[in-house]
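Take a look at the structure set out below.
Note that this is a predicted model, so its numbers are computed, not measured. To find a chain, count down the sequence lines: A is the first, B the second, and so on, and within it residues start at 1.
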2 protein chains.
Amino acid sequence: MTTTSPTTLSIGEVSALTGLSAHTLRFYEQEGLFVAPVRRTAGGRRCYTQEEVEWLRVGVKLRSSGMPLPEIRRYVQLVGEGAGTEAERLEVLRRHEERVRQQVADLQEALRVIHTKVEVYARHLAAGTADRVWSDGPAC
Amino acid sequence: MTTTSPTTLSIGEVSALTGLSAHTLRFYEQEGLFVAPVRRTAGGRRCYTQEEVEWLRVGVKLRSSGMPLPEIRRYVQLVGEGAGTEAERLEVLRRHEERVRQQVADLQEALRVIHTKVEVYARHLAAGTADRVWSDGPAC
DNA sequence: CTAGGAGCTCGAGTCGACTCGAGGTCAAGT
DNA sequence: ACTTGACCTCGAGTCGACTCGAGCTCCTAG
């Protein structure tokens, strides 16, 4: 991957740094997930600033926690509008935070159910090694 | 929705009970998420047993925690094969349990990042009410 | 006996977020 | 000058899990 000046990074470098593919980085730009289009070199190649990479680190967490692209775009757009939009940005983030907390709670509930089942199987297998494992009751 | 005998349930009843749509219940059946095809009335309508509904409660948790249909199908198939497959069933469940734990951990990490950002905005807004909110440093 | 709601099958459509490929350009080492 | 590998754009394809609709049948209450 191309190496760029000390303060600026090629798409390949950013890809390595963020774990996003170059394809995805271009896609995100096109989807408006950067405050402004990424700057280009004379030859037309993207060069990312440190700040953009910083934002990507956050953006990746927003995505991986399930924030839809349109909502991220909205947030970015607010940032782009500058001062005065902070309250709404906060609201967007808070709403998402709440959703993630709910998600975690739901997963933990699922985990409870799954783990119970795991325990049942584990117990029966431990008890029945070299023996017939229970064949009564619901089979699943 | 049609009401059925005391021990058996119509698709509408099961839908109400599990939160899955009738469409989805049929889809699941076709995808092999039941040990055997659901029994039918003389008129060709599905009638679910209590046991099947019991299983759906578990199945729903597996799905909602992200287990892919093919893996659920595999588990169901093992159940269908009867005694002797318990060890593999356990393994399938354990593998999924592990994935869910990882998912939770990832979400919690994302939550940490998001919450930090929320706090930053909250603090700045609290400090700057009726004043200009910070306009220095990275804008996002 | 008839009306209307619940079910049935089958095939097609949707949705979001990538992911890929073709066909070309740019740049750095030899 | 050439080769090679990283980039570029644009449009199309993929994937999983539903979701919907058309056109038909069934059943029960009035």
Please give, in whole Å, the distance from [N] [atom2] to [X] [atom1]?
X	N	atom1	atom2	result
B:I11	C:dA6	CD1	P	13 Å
B:R40	C:dA6	CZ	C1'	14 Å
A:M67	C:dA17	CE	P	11 Å
A:L25	C:dA17	CG	C1'	14 Å
A:R73	C:dG16	CZ	C1'	12 Å

Report task. Please work out which residues in residues 26-33 of chain B have a non-hydrogen atom less than 4.0 Å from an atom of DNA chain D and list them by number. Result -> B:F27, B:Y28

**Report entry** Residues in contact with DNA chain D, drawn from residues 14-24 of chain B - heavy-atom cutoff 4.0 Å
**Finding:** B:H23, B:T24

Query raised in the report: Between B:L9 and B:V14, which heavy-atom pair has the shortest distance, and what is it?
Result: CB-CG2, 3.8 Å

Report summary line: Between B:S64 and A:L107, the two heavy atoms sitting closest are O-CD2, 4.3 Å

Requested in this report: Can you label the angle between the B:Y48 ring and the B:F34 ring as parallel, tilted or perpendicular, going by 30° and 60°?
Outcome: tilted

Report task. Verify the contact: side-chain N or O of A:S10 to OP1 or OP2 of D:dC7, cut-off strictly under 4.0 Å; return yes or no. Result -> yes

Query raised in the report: Looking at B:R46, does any N or O in its side chain come under 4.0 Å of the phosphate oxygens OP1/OP2 on C:dG7?
Result: no

Requested in this report: With sequence neighbours excluded, give me every salt bridge (Lys or Arg N to Asp or Glu O under 4.0 Å) pair touching residues 14-30 of chain A.
Outcome: A:E29-A:R46

Can you give me every donor-acceptor pair (side chain of residues 56-63 of chain B, partner residue at least two apart or in another chain, under 3.5 Å) with its distance?
residue: B:R63; atom: NH1; partner: B:M67; partner atom: O; Å: 2.8

Report task. Between protein and nucleotides 25-30 of chain D, map the contacts as a letter string: B base, S sugar-phosphate only, - none, heavy atoms under 4.0 Å, written 5' to 3'. Result -> BBS---

Query - Greater than 12 external heavy atoms within 6.0 Å of B:R39's CZ - result: no

**Report entry** A:S65 OG to A:H96 NE2 distance, which is reported to the nearest 0.5 Å
**Finding:** 3.0 Å

Report summary line: Rounding to 0.5 Å, atoms CD1 (A:I114) and CD (A:E109) come to a distance of 10.0 Å

Query raised in the report: Do you see a donor-acceptor pair shorter than 3.5 Å between the side chains of B:R89 and B:T85?
Result: yes

Query raised in the report: Does A:E98 come within less than 4.0 Å of A:R94, counting only side-chain N to carboxylate O?
Result: no

**Report entry** Test salt bridge (Lys or Arg N to Asp or Glu O under 4.0 Å) applied to B:R74 - qualifying residues, sequence neighbours left out
**Finding:** B:E88

